[in-house]
Chemist: 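Here's a structure for you.
Just so we're clear, the structure is a prediction, and the values are computed from it rather than from any experiment. Order of listing sets the numbers, starting from 1, for every ligand and every atom in it.
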Amino acid sequence: MLEIPESKTISLQAGKTLLNREITAVFKATSPHKFAFYSGDPDGYAQLLVGKHVKSAKGHGMFVDIICNDNVSITIGDGTNMRYYTPSDQRPEKHQLLLEFDDGSCVAFTVAMYGGIWAYRGSFDNKYHRGSLNSISPLDDAFDETVFEGIIKNTSKDISIKALLATEQRIPGLGNGVLQDILFNARLHPKFKKSGLSDFQKEELFYSLKVILKKMTDKGGRDTEKDFYGHTGGYKTLLSKNTMKNPCPVCGSTIVKMAYLGGAVYFCQSCQKL
Ligand SMILES: [Zn+2]
């Protein structure tokens, strides 16, 4: 899934690889998908995109924007994979959109469960996309303790740490995936209530969030996810589906997997007390 480390990694890779490439053909879905979302009718994508040159790419929150000349962009969101193929690579048979470039390379978009592949001119009318563009990323220096405190105070209800950090897109692109190592590192249980946080715990949580997200991004995303070239990320997740059978890396206890607030959480019962 696209979360902060992956959207940033993929945008850096796509921006570099596709710079100044011209889109020469657009191929519609070979495998139509009920939950692949487009801007209007994807039949119109060829008319909008062919002849445009890629100028940059921007990763923010759970989105990647490919920005072309003439004010045209293509945006993907969480749930959509965007994969690059060189001219000599074999192209995938199944996709929900494929763009061909002037050097014979292509980019295939595939949707797993649900996801968007939006092509548009001007700005994208989507509240989560707008919210993400207008928010301060935890990867930026401007995301400091004051900003973090504001996010905590902004919710009047006494919700859990998982609800606070990884629901409602309060921090765009911080989802259930990256949450596991952030909480493990801060020694906080996903169900721990926000009212119970001491000043020290808040500080630990803030630094864990900053440090873990930076590390994940610097390593090219998590090892549970694929990048623009189809390679898994270099960040070794501490707690994820990949490590579930392993003992806690700190104390050796068994890691618990539990369904909680949309998605499985992984935690160590002795290191992350409720
Ligand atoms: Zn432990």
Chemist: Strictly under 2.8 Å of the Zn ion (ligand 1): which protein N/O/S atoms qualify?
Modeler: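 Sorted hits: Cys248 SG, Cys251 SG, Cys268 SG, Cys271 SG.
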Chemist: Using 4.0 Å as the upper bound for N to carboxylate O, is an ion pair formed by Arg91 and Glu100?
Modeler: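 Yes, Glu100 and Arg91 are salt-bridged.
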Chemist: Test of understanding: with side chain to side chain donor-acceptor pair (under 3.5 Å), list the residues that count as partners of Asp158, not counting sequence neighbours.
Modeler: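 Asp158 satisfies side chain to side chain donor-acceptor pair (under 3.5 Å) with Ser195 once adjacent residues are dropped.
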Chemist: A cation-pi test, strictly: NZ or CZ of Lys191 under 6.0 Å from the centre of the six-membered ring of Tyr260 and no more than 45 degrees from its axis. Yes or no?
Modeler: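 Relative to the ring axis of Tyr260, which defines the angle, Lys191 lies inside both limits.
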Chemist: Do the ring planes of Phe206 and Phe148 sit parallel (below 30°), tilted (30 to 60°) or perpendicular (above 60°)?
Modeler: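 Phe206 vs Phe148 ring planes: tilted.
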Chemist: Tell me, please, whether Tyr85 has Arg83 positioned over its six-membered ring: NZ or CZ under 6.0 Å from the ring centre and within 45 degrees of its axis?
Modeler: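 Positive - Arg83 is close enough to the ring of Tyr85 and near enough to its axis.
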Chemist: Any side-chain to backbone donor/acceptor pair from Asn69 onto His53? Under 3.5 Å, distance only.
Modeler: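 Side chain of Asn69 to backbone of His53: a pair is present.
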